[in-house]
Amino acid sequence: MSDDDDFYGNDNDTDQLAYLSNKESDRQVQQIFPIGYQDGLEIGKEITLQRGFNEGFIQGSTVAYRWSQLLGLISSLDVFFHHNKQYVPENVDSSILESLVEKINSIIKDKCSPPSIDDLKFRFINFQEEKENVVVNTTATSSCCSKDGNNSTNGCCKDDNNDKTACCSSGIDINSLKLNDNGQDQDDDDQCCGGGSDKEGCCKSSSSSTTTKATPPAIAKEPYQITLNQIQDALFHQIAKECVMTITKMGLDGEQLLQDCLKSTHRVSMN
Amino acid sequence: MDEFDQALNIESDTYISSKEEGISDGKRLGYIDGYQLGFEKGTELGQEIGYYQSCVSVWNNLVNIYKSTQKFTPRSLQNLEKLTKLLDNYHLNFNDENIMSSLNEIRVKFKLTSTQLGLQTKEQNELSF
């Protein structure tokens, strides 16, 4: 009898043993894998939880802080004119303030609602470990020169050559919010970027001879800087303009009030 | 290496590789969980402080503009001055143990001052700062 004819030969015995062995190891893998994965998951979460919190906190608080400044500005004036109607100029309906308060409130609701887990998963789908090297221990003064203008590392927008009203601390150029004699916005909104985008270049930075555009400080790639780009968006600029126009209609210096409100900076230090 | 050793190796290798996979996914999930929680807490505090600072800035302006025609009590002006200082010096510093007590002081002073000035805002009542 040749080997070929050996129906129940040694080869089959080996295959069967290997099959059983594989089956056993598969079973082991299936049992052990979830245990190891779960242990790893907890360890991994612990490593990055605090960093995520810090970065989320800075991001959220900075955006909310800026928008709430606009809300406080209009809301407090609304209350003042509500209680002191004698100061409301003739032919002006003081409800314009209330409408603006509602508008800002709805924007805040939208801007300040926390992103969903799914949204964040998508945003951080390419989460890289090197991000761990980012130092969060920073004062998130919106990368600004601060009130005293003493930021020697990034360069300050408030040096002697710059118009003091154009400050990076406000996130917007106050000069660009100025109105003409008719209370109209000087900008041509259809053609202008709104002056809020520093990165892509703004039409206001070079074309206007009367406006001194503050040179933004050199921005290091820190997580909270992303926030700055968000709050300097066109919407913030547009609503700030609307605030100035509305306050001016109420007989007050809208530019001055806005400037005073926005000059305070949001200071956060995380451990 | 006998079959018993082999089985043990499979167990430990599987555990190690699955744990590494878990750590990698956990880092992303931990960051996201933390980020979401931080964002939520950050907006609460940022909103509150920004609102206070802005209101106080406007109140100071209004007092200056209307002081000749509008009566503001000396007590309210005194409290406004104190509140302005408190807010100017406020720094959301998580290394400071008194971070919340300072904020509470601002909250109390804000409510008091707004009432004394007769400028209690709607948000102040609606939002549970």
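Side-chain atoms are counted along with the backbone in the values below, which use heavy atoms only and exclude waters and symmetry mates. Throughout, a chain's letter reflects where its sequence line sits, starting with A, and its residues are numbered from 1. In this text, all values refer to a predicted model and were calculated from it rather than measured experimentally.
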- Note on the structure: Honestly, the part of B/Q70 sitting under 4.5 Å from a heavy atom of chain A is both

- Task: Kindly compute the distance separating CD1 (A/I58) from CZ (B/F39), expressed to the nearest 0.5 Å.
- Result: 12.5 Å

- Query: Are the side chain of A/R267 and the backbone of B/Y90 linked by a donor-acceptor contact shorter than 3.5 Å?
  - Reply: yes

- What do you reckon, are the aromatic ring centroids of A/F57 and B/Y35 less than 6.0 Å apart? no

- Query: Quick one: what part of B/L62 sits under 4.5 Å from any heavy atom of chain A, side chain, backbone, both or neither?
  - Reply: side chain

- Can you name the closest pair of heavy atoms from A/S264 and B/Q53 and give their distance? OG-OE1, 3.3 Å

- Using non-hydrogen atoms only, which part of A/D253 is less than 4.5 Å away from chain B: side chain, backbone, both, or neither? neither

- With a 4.5 Å cut-off on heavy-atom pairs, point out which of B/S54, B/S17, B/C55 contacts chain A the most. B/S54

- Query: Given that the side chain runs from C-beta out, which part of B/L45 has a heavy atom under 4.5 Å from chain A: side chain, backbone, both or neither?
  - Reply: side chain

- Note on the structure: Cut-off 4.5 Å, heavy atoms of chain B, and the answer for A/I74 is neither

- Task: May I ask you to name which of B/S57, B/G118, B/G30 has the most heavy-atom pairs under 4.5 Å with chain A?
- Result: B/G30

- Contact check, side chains of B/L92 and A/H266, non-hydrogen atoms, under 4.5 Å: yes

- Heavy-atom check, side chain of B/V58 versus side chain of A/C261, under 4.5 Å: yes

- How about A/W67 and B/Q47: do any of their side-chain heavy atoms sit closer than 4.5 Å? no

- Can any side-chain N or O of A/S68 pair as donor or acceptor with the backbone N or O of B/G50 at less than 3.5 Å? no

- Query: Is any side-chain heavy atom of B/Y51 closer than 4.5 Å to a side-chain heavy atom of A/Q69?
  - Reply: no

- Task: Against chain A, label B/L117 side chain, backbone, both or neither, depending on which of its atoms sit under 4.5 Å from a heavy atom there.
- Result: neither

- B/L119 side, atom CG; A/L77 side, atom CG - distance, nearest 0.5 Å: 9.5 Å

- Message: I need the B/I32 CD1 to A/L49 CG distance, nearest 0.5 Å.
- Response: 11.5 Å

- Note on the structure: If one checks every heavy atom of A/Q50 against chain B at 4.5 Å, the contacting part turns out to be neither

- Check for a donor-acceptor pair, side chain of A/S61 on one end and backbone N or O of B/G46 on the other, with a separation under 3.5 Å. no

- Message: Measuring centre to centre across the rings, with the benzene-like ring taken for any Trp, is B/Y66 within less than 6.0 Å of A/F80?
- Response: yes

- Task: Mind checking the CE-CG spacing from A/M270 to B/N93? Nearest 0.5 Å is all I need.
- Result: 10.0 Å

- Answer with yes or no whether the side chains of A/Y65 and B/T43 bring together a donor and an acceptor at under 3.5 Å. no

- Correct closest heavy-atom pair for B/Y15 and A/D39 would be OH-OD2, 2.5 Å

- Could you check A/I43, A/I35, A/I32 and say which one makes a side chain to side chain contact (heavy atoms under 4.5 Å, CB included) with B/K19? A/I43

- Query: Any side-chain heavy atom of A/S269 sitting closer than 4.5 Å to one from B/F94?
  - Reply: no

- Item | B/Q36 portion near chain A, given a 4.5 angstrom heavy-atom threshold | both

- Step through the shown structure and confirm whether more than 12 heavy atoms of other residues, nucleotides or ligands are within 6.0 Å of CD on A/E46. no

- Minimum heavy-atom distance B/K41-A/F53, with the two atoms named: CG-CE1, 4.2 Å

